[in-house]
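In listed order, ligands and their atoms are each counted from 1.
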Amino acid sequence: MSLLSVEEARARILSQFQPVPTESIPLTESGNRILSADIVAADHLPLFDNSSMDGFALRAADSLNAAPASRVTLRVVADIPAGLAPTISLAPGEAARIMTGAQLPQGADAVVPVEDTDFSNRDAGSAAPSEVQISKPIKTGENVRPRGMDVHAGDVVLHKGQRINPQTAGILAMLGYLNVEVYKRPRVALFSSGDELLEVNAPLESGKIRDSNSYMLAALIESTNAEVLRLGVAKDTHDSVKKLIEQAVGQNVDLIISSAGVSVGAFDFVKEVIESNGALDFWRVNMRPGKPLAFGNYKSTPFIGLPGNPVSAFVGFEVFVRATIGRLSGIPDGSRQMVRVRCEAEILSDGRESYLRAVIHEQDGVQVAKLTGHQGSGNLLSLVQANALLIIPAGVKCVPAGQEVNAWLL
Ligand code: AMP
Ligand code: MG
């Protein structure tokens with residue numbers, strides 16, 4: 001078993017994955033999905049010059065000499081609500097009442113807000129006045145949202161690999177996309193293994209523990225927006241493990257994830273089963289927490305075997321599986337957001353790349369990190385109390401208090 005850096009191991013895994021196929025889905029169901037093509041605008045946004053205020057459209061030049069002591073009076077020749085294309089063209093000395101979002105009439109190049117006129121009737125349904133007075137000059141373009149201000153037809157507005165969020169759904173609608181081309185959701189099968197595992201509602205028995213990894217890992221997979229197929233718990237026997245893996249393969253999943261049963265214990269059958277019908281790489285990765293990492297394929301379905309200890313399973317997911325599901329999903333970089341934080345106290349490490357549970361809080365404008373609870377790989381509470389994973393680089397044995405390190409925000 002060779003010693004791999006985290007980066008090498010991750011790169012080797014990622015090189016084996018391609019994005020899943022694409023599909024066209026309704027925009028209403030596209031939240032959190034990943035665009036599989038650039039979105040090129042067919043139209044300008046805004047579509048036409050329009051008013052950003054309720055007020056009066058005018059020629060800015062007409063307002064040049066307006067002042068409180070010498071108001072300018074304009075003839076109101078039209079009333080333009082939103083949604084109605086104006087048919088008139090403003091001549092000098094003329095104005096048109098206009099509503100927010102309504103199209104500017106020909107000849108107009110600015111809008112004076114109703115608040116800056118003598119027209120005080122703001123009631124719904126009120127008729128436009130025949131004249132309006134303004135008492136200060138308006139600049140050309142003031143309160144006008146010009147056609148193409150945001151987007152020009154032909155612009156690439158959204159990029160392949162971008163996740164659709166509420167804002168992007170809004171702009172897709174502006175651009176006329178009732179349906180959108182996205183990557184399918186990757187399908188990920190998940191199972192736990194171990195004779196000691198009980199379903200969470202089963203009566204406790206001595207020597208047994210509840211299967212918590214299934215729940216934590218299913219939630220992690222769902223947080224990537226992949227579909228999770230929970231296969232339950234395999235016993236520590238060849239046949240039991242094989243049955244679940246065959247089930248996963250039968251369901252056409254893109255990836256199988258397991259926890260436990262992949263170390264060197266006498267009852268660790270997962271390796272053997274994968275090897276019997278595929279290939280398994282077993283790497284020693286220079287990381288902490290870090291058992292060997294199992295990566296291979298059963299028949300042609302990729303498999304990643306995570307450690308059994310809950311914190312190790314979580315960290316293994318974050319370090320290797322999140323980016324892998326990201327690659328399957330069509331995302332350029334699927335990892336967590338990384339930030340720089342200052343260590344509150346000295347941190348000792350053993351030279352392996354270490355992922356430590358910490359809580360980050362702001363102190364005098366600086367993000368300061370403090371380790372939580374017991375940092376053992378079975379101590380899940382320290383992870384529950386954490387909002388970040390500190391990343392202590394390989395080769396570092398001591399991080400002095402006050403030094404900055406990278407951290408993933410959880
Ligand atoms: P193993 O990799 O099978 O040697 O398991 C390592 C440790 O993780 C042992 O303490 C197991 O009891 C624990 N463990 C394994 N699977 C789970 C699970 N699904 N939920 C919680 N703890 C687990
Ligand atoms: Mg076990």
Side-chain angles (χ1 to χ4, degrees), residues 1 9 188-223 228-245 247-248 253 255-276 280-285 287-296 298 303-322 352 354-357 372-386 389 410:
M1 254 195 320
V188 180
L190 173 69
F191 70 93
S192 292
S193 75
D195 281 344
E196 74 276 36
L197 302 179
L198 295 172
E199 194 36 90
V200 294
N201 61 348
L204 285 174
E205 297 169 37
S206 63
K208 305 222 186 244
I209 61 170
R210 300 185 177 109
D211 166 24
S212 58
N213 286 352
S214 280
Y215 291 86
M216 181 183 67
L217 289 168
L220 282 168
I221 294 166
E222 273 164 4
S223 75
V228 55
L229 283 84
R230 297 188 50 187
L231 301 178
V233 177
K235 291 276 170 209
D236 283 328
T237 66
H238 187 100
D239 286 352
S240 177
V241 171
K242 181 161 183 168
K243 205 175 110 198
L244 288 195
I245 293 180
Q247 246 181 58
V253 297
L255 177 64
I256 303 171
I257 300 292
S258 73
S259 71
V262 286
S263 49
V264 290
F267 299 94
D268 294 338
F269 284 102
V270 175
K271 284 187 290 186
E272 189 189 292
V273 172
I274 300 284
E275 273 169 340
S276 70
L280 192 74
D281 271 326
F282 210 51
W283 302 328
R284 213 150 54 86
V285 181
M287 71 182 278
R288 186 173 63 126
K291 283 214 178 173
L293 176 73
F295 173 59
Y298 185 88
F303 167 84
I304 300 177
L306 296 172
N309 278 308
V311 175
S312 307
F314 185 98
V315 170
F317 183 94
E318 290 301 333
V319 172
F320 301 109
V321 182
R322 186 175 290 282
R352 287 181 287 169
S354 299
Y355 291 80
L356 305 179
R357 284 80 78 196
T372 54
H374 298 289
Q375 294 279 322
S377 58
N379 302 114
L380 193 59
L381 186 64
S382 61
L383 191 52
V384 170
Q385 293 165 337
L389 284 178
L410 299 180

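Ligand 1 is never approached by P307 to a heavy-atom distance shorter than 4.0 Å. In this structure, G261 counts as a contact residue of ligand 1, since one of its heavy atoms falls inside 4.0 Å of the ligand.
Ligand-side atoms of ligand 1 in range of S192: 19 (N), range being under 4.0 angstrom from any heavy atom. The E196 neighbourhood of ligand 1 comprises atoms 11 (C), 12 (O), 15 (C), with distances under 4.0 Å to a heavy atom of that residue. Counting the atoms of ligand 1 from 1 in the order shown, those under 4.0 Å from a heavy atom of S212 are 20 (N), 21 (C).
There is no side-chain donor-acceptor pair under 3.5 Å between R288 and S377.
Distance check: K242 NZ to Y298 OH gives 4.0 Å after rounding to the nearest 0.5 Å. Separating the CG atom in L255 from the CG atom in L190 is a distance of 10.0 Å, to the nearest 0.5 Å.
When hydrogens are left out, the protein atom nearest atom 7 (C) of ligand 1 is N309 OD1, 3.4 Å; that is the closest non-hydrogen contact. Among protein heavy atoms, the minimum distance from atom 15 (C) of ligand 1 is reached at A260 CB, 3.5 Å. Counting only heavy atoms of the protein, atom 23 (C) of ligand 1 lies nearest to G308 O, 3.4 Å. Among all non-hydrogen protein atoms, the one lying nearest atom 19 (N) of ligand 1 is D211 OD1, 2.8 Å. Protein heavy atom in closest approach to atom 17 (C) of ligand 1: N213 ND2, 3.3 Å.
Under 4.0 angstrom from ligand 1, there are no non-hydrogen atoms of V233. The part of I209 lying near ligand 1 is the side chain, judged by heavy-atom distances below 4.0 Å.
Taking the six-membered ring where tryptophan is involved, the planes of H238 and F269 are perpendicular, since the angle between them exceeds 60° and thus also 30°.
For S240 (side chain) and K235 (main-chain N/O), a donor-acceptor pair under 3.5 Å exists by modelled atom type. A donor-acceptor contact shorter than 3.5 Å is absent between the side chain of S276 and the backbone of I274.
Cation-pi geometry between R357 and F314 is not met: the NZ or CZ atom fails to fall both under 6.0 Å from the ring centre and inside 45° of the normal.
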Would S192 and N213 count as a side-chain hydrogen bond (donor to acceptor under 3.5 Å, both in side chains) if you check the C-alpha gap in whole Å, the side-chain angles of each, and the deciding distance to 0.1 Å?
CA-CA 7 Å; S192 292; N213 286 352; 5.5 Å; no
